[in-house]
Amino acid sequence: MKKTLISTIAVMLILISFYFGYMYYNGPKIIEGVVSKNIDDNGKAVDIATEFSPEDTVYFSAKGNRFWIKKAQVVWYKDKFRTENRFLVEDDIVISEGGYFSTKLSAPEGLEEGYYTVSIYVAGRDIIETRTEFYVKR
């Protein structure tokens with residue numbers, strides 16, 4: 001009876017370890033993507049917003065969720081979230097020492113009014129890790 005109980009517990013612990021290992025490896029690698037009016041020295045969003053004026057600089061920040069992910073790709077979309085609406089693709093965004101991927105969007109003549117989406121991918125992969133949307137209004 002005692003050997004059976006110990007064997008059962010050992011098998012359960014092994015299965016649980018495999019499950020959590022699998023989830024850690026295959027789960028989201030970049031999380032909490034937001035747009036803001038500023039970022040701190042670590043790349044973390046400050047003054048999170050979803051509405052901007054054309055003169056504003058829009059910052060995008062997302063937290064790295066796996067220690068081995070060091071580079072990302074950020075894609076900006078104007079209007080609907082479709083491939084043909086991509087207007088800026090930024091490759092090789094490097095994670096900060098604070099654990100954040102961050103970049104900014106601005107235009108000297110001001111951003112066009114409208115609906116925008118920004119998404120982030122692990123560099124070299126096609127799976128969106130996180131995305132967010134915002135508006136530019138007068």
Side-chain angles (χ1 to χ4, degrees):
M1 177 75 172
K2 195 173 186 179
K3 283 185 178 184
T4 305
L5 182 61
I6 291 172
S7 297
T8 303
I9 290 173
V11 168
M12 288 176 64
L13 288 174
I14 290 170
L15 290 174
I16 289 170
S17 297
F18 278 118
Y19 171 77
F20 284 112
Y22 176 84
M23 293 306 290
Y24 183 79
Y25 182 76
N26 291 306
K29 287 139 184 85
I30 303 171
I31 58 173
E32 300 173 11
V34 296
V35 287
S36 65
K37 298 200 179 206
N38 207 346
I39 57 173
D40 66 14
D41 292 338
N42 291 320
K44 184 177 179 181
V46 178
D47 301 325
I48 295 171
T50 56
E51 268 190 36
F52 298 86
S53 69
E55 300 78 29
D56 286 339
T57 298
V58 179
Y59 292 89
F60 175 73
S61 175
K63 183 159 182 53
N65 197 27
R66 299 294 187 264
F67 70 87
W68 65 85
I69 304 299
K70 302 295 181 197
K71 290 186 179 180
Q73 178 188 64
V74 174
V75 181
W76 300 85
Y77 300 83
K78 173 76 170 75
D79 294 322
K80 295 183 180 181
F81 182 70
R82 294 187 178 154
T83 303
E84 62 269 12
N85 292 336
R86 289 179 171 189
F87 68 91
L88 179 60
V89 177
E90 298 179 90
D91 293 317
D92 297 327
I93 303 295
V94 180
I95 196 165
S96 71
E97 287 186 24
Y100 289 90
F101 295 96
S102 60
T103 188
K104 65 182 177 178
L105 175 67
S106 63
E109 66 281 353
L111 296 170
E112 288 182 30
E113 289 187 75
Y115 170 76
Y116 291 80
T117 304
V118 58
S119 60
I120 189 167
Y121 303 78
V122 170
R125 300 232 177 131
D126 295 332
I127 299 170
I128 294 173
E129 293 294 328
T130 185
R131 80 175 190 201
T132 191
E133 48 195 47
F134 63 96
Y135 293 90
V136 174
K137 296 180 181 178
R138 290 219 175 268

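The shortest non-hydrogen separation linking P54 to E113 is CG-CG, 4.3 Å. Between F67 and K70, the closest heavy-atom pair is O-NZ, 2.9 Å. A pairwise comparison of heavy atoms in K37 and D56 identifies NZ-OD2, 3.5 Å as the closest pair. Contact detail for G114 and K78: the closest heavy-atom pair is CA-NZ, 3.7 Å. Across E133 and V35, no two heavy atoms sit closer than the pair O-CG2, 4.4 Å. In terms of heavy-atom proximity, N65 sits nearest to P28 at ND2-O, 2.9 Å.
Note that OG of S53 and CZ of R138 are 8.0 Å apart. Values are rounded to the nearest 0.5 Å. To the nearest 0.5 Å, atoms CD1 (I48) and CD1 (I39) are separated by 12.5 Å. From D41, atom CG reaches atom CD of E97 across 11.0 Å, with rounding to the nearest 0.5 Å. Rounding to the nearest 0.5 angstrom, the gap separating the CZ atom in R82 from the OG1 atom in T117 is 11.5 Å. Considering NZ of K137 and OH of Y115, their distance stands at 12.0 Å, rounded to 0.5 Å. Between the OG1 atom in T8 and the CG atom in L13 there is a gap of 11.0 Å [rounded to 0.5 Å].
In terms of hydrophobic clustering, with Ile, Leu, Val, Met, Phe, Trp and Tyr side chains grouped at heavy-atom distances under 4.5 Å, V136 and Y77 are assigned to different clusters. Under the 4.5 Å side-chain heavy-atom criterion for Ile, Leu, Val, Met, Phe, Trp and Tyr, I30 and W68 are members of the same hydrophobic cluster. Residue Y19 is grouped with residue I16 when hydrophobic side chains (ILVMFWY) are merged at heavy-atom distances under 4.5 angstrom, including chains of intermediate members. Under a hydrophobic clustering in which Ile, Leu, Val, Met, Phe, Trp and Tyr are joined whenever their side-chain heavy atoms come within less than 4.5 Å, directly or via other members, F60 and I93 fall into the same cluster. The cluster map of Ile, Leu, Val, Met, Phe, Trp and Tyr, joined by side-chain heavy atoms under 4.5 Å apart, puts Y135 and Y59 in different clusters.
Listed by chain and number, the residues in a ring pair (Phe, Tyr, Trp, His ring centres under 6.0 Å) with F52 are F134 (sequence neighbours excluded).
When side chains are defined from C-beta on, D40 counts as touching V46, because their heavy atoms get closer than 4.5 Å. Side-chain contact check for L105 versus L111: some heavy-atom pair is nearer than 4.5 Å. When side chains are defined from C-beta on, V58 does not count as touching Y116, because their heavy atoms never get closer than 4.5 Å. Side-chain atoms of I128 and Y121, non-hydrogen and from C-beta on, do get closer than 4.5 Å to each other. Using a 4.5 Å heavy-atom cutoff, the side chains of I120 and T130 are in contact. The shortest distance between side-chain heavy atoms of V122 and I127 does not fall below 4.5 Å.
Counting non-hydrogen atoms of neighbouring residues, nucleotides and ligands closer than 6.0 angstrom, the CZ atom of R125 reaches no more than 12 such neighbours. The number of heavy atoms from other shown groups lying within 6.0 Å of CG (D47) is above 12. No more than 12 heavy atoms of other residues, nucleotides or ligands sit less than 6.0 Å from atom NZ of K44. Heavy-atom neighbours of E84 CD from other residues, nucleotides or ligands within 6.0 Å: above the threshold of 12.
A donor-acceptor distance shorter than 3.5 angstrom exists from the side chain of S61 to the backbone of G43, with no hydrogens or angles considered.
Salt-bridge check for E129 with K29: failed, with every basic side-chain N at 4.0 Å or more from each acidic carboxylate O.
For residues 102-112, the set of pairs meeting the side chain to side chain donor-acceptor pair (under 3.5 Å) definition, not counting sequence neighbours, comprises E90-T103.
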